[in-house]
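Report on the following structure.
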Amino acid sequence: MGSPENGSDEPLTPAGRLFLQKEMNQVIYCVVGLKHPLDVDALKSAIQSSLMVKHPRFCSLMVRDSAGREHWRRTRVDIDRHVVAVHGPVADGLSDEAAVNEYLADLSTDSPGLLGDDKPLWDVHLLMAHRCVVFRIHHALGDGISLMSMFLASCRRVDDPEALPTIGPSSSAKRRSGGGGGAWWKAVVRVLEVLWFTVVFVVEFVLRSMWASDRKTPVSGGAGVELWPRKLATARFCLEDMKVVKSAVASATINDVLFGIISAGLFKYLDHRSPDAVREGTRITGVAMVNLREQPGLQELSNLMQGNPGLRWGNKFGILLLPVHYHRSCGDPLEHLRKAKSMIDRKKKSLEAHFSYKIGDIVMASLGPHVASLLNYRIVCNTTFTISNVLGPQEEIAILGNPITYIRANSSSLPHALTMHMVSYAGRADMQILVAKDIIPDPDFLAKCFEDALLEMKAAASAALNK
């Protein structure tokens, strides 16, 4: 492979350096199901000519200088080294979904296998027997929002083969676009609320990075659990059902509904698994990755990957700590949504996510990536689960004229025994549930607990709306 002179090397961003540290080494896995059989040569050609391979991050080696600092160095991409065609079934005696999930679970503990100084940090696996494509991309190359938008720039709508997919604005963006106004004292109150909640949550954030920890439960992980074998299951939700639930509580959002589902389903699982193992009121804390920019439109992203200096590529997200308190089943399923909304509303009034992003930059610059990585690792060890939600296309889309049947994502393993990543697509939302199988041996049952929680909340919401 050819490469330019060292003078053209570009330093990694602080977040990129963080994801290359041993403690927080993270790879994103996105699996895309297709309606028709895969054409290997056509897919290789499409990848070779795609915006992805033209982007500087995807045609650069990760190299370290004499001081150990990481840089990107441009190189030629040999597409045959990045595309892996798997022709037979990846597991015997399993359904397509179960086989693909088993394949992804095995990959999730193999993130070091993607690192190296001989090729860019990504590859694509074509699972021919299962009609799906697995994108394996190191987190140092970008976050979920950047990567989703980049992928969708290569797709077209099924109902209009010339049109790009559309991604609706987030609910928070819709709320921000609403009118402000009001008396001056309301503005003062809002500022005071922001200051108060920011101080409260920042103190908690700092304590979690040191010694404050969740009480152990049957779903707790801990230091070293990232090395344990994994299982993966899929929970499927209908967005229309989530919207029905959302409409039952004033000003609720899909993210509120999702977190209500997580708390209700998790409590249901704990009651089944270990009925008396968790004390009433026990705090169970989730870590959520929050996008700190508006999701870019696809045309803007195309300009970005063609070198538009006015747009920023990479990782730009903060961390929120989202607690729930365990209670044995209550009478009204919507109570989980009300509590989730109340908690998340307080988080929205703070600058916790922005603080976590800025403090990461400061620690990285002053103390180095190893210390920053250890602080993040401690936060994960002291909490119980990870949750993320990426907004996907609203309509059915195709790649190379082959309709996409599903889009799912997960990441490599963490000290958490439970990580959940949801992606919406064409009226549906699939959540990948990655677990340490020696701690949570039955993720399919856990997925059903989440699905049942939504159905129970929908029934309660429908009954309330019909009164």
Side-chain angles (χ1 to χ4, degrees), residues 12 15-32 57-58 62 70 82 84 90 100-116 119-125 127 132-148 151 219 221-234 286-289 314-315 317 319 369-370 372-374 376-381 383-390 407-423 430-440 443:
L12 268 69
R17 297 187 71 200
L18 176 68
F19 286 125
L20 288 168
Q21 303 306 304
K22 180 182 68 173
E23 296 82 7
M24 295 301 296
N25 188 11
Q26 282 291 288
V27 175
I28 296 173
Y29 303 90
C30 179
V31 57
V32 177
R57 293 290 176 272
F58 287 78
M62 191 282 293
E70 302 87 350
H82 289 271
V84 180
V90 296
V100 172
N101 279 345
E102 183 175 293
Y103 186 82
L104 291 169
D106 290 342
L107 285 179
S108 71
T109 55
D110 187 36
S111 54
L114 192 62
L115 289 176
K119 68 171 187 162
L121 304 182
W122 62 273
D123 56 31
V124 179
H125 296 208
L127 306 189
C132 69
V133 180
V134 177
F135 294 88
R136 192 166 70 134
I137 300 171
H138 200 281
H139 217 319
L141 298 178
D143 57 26
I145 299 298
S146 299
L147 299 175
M148 171 64 79
F151 168 70
V219 296
V225 171
E226 68 273 16
L227 303 176
W228 294 18
R230 254 47 188 181
K231 276 188 174 182
L232 183 66
T234 305
V287 175
M289 307 301 172
N315 289 283
F317 61 85
I319 293 175
H370 182 62
S373 175
L374 286 176
N376 278 271
Y377 187 80
R378 290 297 304 162
I379 290 172
V380 177
C381 289
T383 52
T384 301
F385 64 89
T386 300
I387 178 71
S388 74
N389 178 23
V390 174
I407 303 174
R408 297 170 185 156
N410 64 283
S411 64
S412 48
S413 52
L414 288 165
H416 284 153
L418 173 61
T419 62
M420 296 164 284
H421 301 277
M422 189 172 87
V423 179
D430 287 352
M431 185 167 72
Q432 294 292 80
I433 304 166
L434 184 70
V435 303
K437 66 181 183 180
D438 292 332
I439 297 174
I440 303 175

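FYI, side chains are in, hydrogens and waters are out, and symmetry mates aren't considered; it's all heavy atoms of this structure. In this text the structure is predicted, and so the values were computed from the model without any measurement.
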Interatomic distance, OG1@Thr386 vs CG@Leu414, rounded to 0.5 Å, equals 5.0 Å

Nearest heavy-atom approach of Pro415 to Tyr377 is CG-CE1, 3.3 Å

Residues Ala417 and Ile439: closest non-hydrogen pair is CB-CD1, 3.8 Å

Contacts of His421 meeting ring pair (Phe, Tyr, Trp, His ring centres under 6.0 Å) (sequence neighbours excluded), chain-then-number -> none

Given the options Asn410, Asp430, Asn101, Thr234 meets side-chain hydrogen bond (donor to acceptor under 3.5 Å, both in side chains) only with Asn101

- Kindly determine whether Met148 and Ile407 satisfy side chain to side chain contact (heavy atoms under 4.5 Å, CB included), including the steps that lead there. CA-CA 10 Å; Met148 171 64 79; Ile407 303 174; 4.1 Å; yes

### Task
Look at the aromatic rings of Tyr103 and His125 and report parallel, tilted or perpendicular, splitting at 30° and 60°.
perpendicular

Test item: His370 side-chain N/O and Gln21 main-chain N/O as donor-acceptor pair under 3.5 Å: no

Hits for salt bridge (charged side-chain N to carboxylate O under 4.0 Å, His left out) against Arg17, two or more places apart or cross-chain, chain-then-number order -> Glu70

Value for CG (Leu104) from CG (Leu434), rounded to nearest 0.5 Å, stands at 9.0 Å

One should read off an interatomic distance between Trp122 CH2 and Leu141 CG, to the nearest 0.5 angstrom, of 10.0 Å

In short, Val225 meets Ala436 closest at the heavy-atom pair CG1-CB, 3.9 Å

Checklist line | Exercise: do Ser413 and Glu226 side chains pair donor with acceptor under 3.5 Å | finding: no

Taken to the nearest 0.5 Å, the spacing of Thr419 OG1 from Arg230 CZ works out to 7.0 Å

The reported gap from NZ in Lys231 to OG in Ser108 (rounded to nearest 0.5 angstrom) is 13.0 Å

Rounded to the nearest 0.5 Å, the CZ atom of Arg136 sits from the CG atom of Leu121 at a distance of 10.5 Å

With a 4.5 Å cut-off on side-chain heavy atoms, are Asp438 and Pro229 touching?
yes

Can you see whether Ser412 engages Asn25 through a side-chain donor-acceptor pair at a distance of less than 3.5 angstrom? no

Chi angles and distances behind the side chain to side chain contact (heavy atoms under 4.5 Å, CB included) call for Leu418, Ile433: CA-CA 7 Å; Leu418 173 61; Ile433 304 166; 3.6 Å; yes

### Query
Does any donor atom in the side chain of Asn376 or Ser373 lie under 3.5 Å from an acceptor atom in the other side chain?
no

Are the side chains of Val380 and Glu23 in contact, using a 4.5 Å heavy-atom criterion?
no

Review point. Do the side chains of Met289 and Ile319 get nearer than 4.5 Å, heavy atoms only?
Key: yes

Tested for side chain to side chain contact (heavy atoms under 4.5 Å, CB included) against Phe135, the lone hit among Asp123, Val32, Val31, Ile28 is Val32

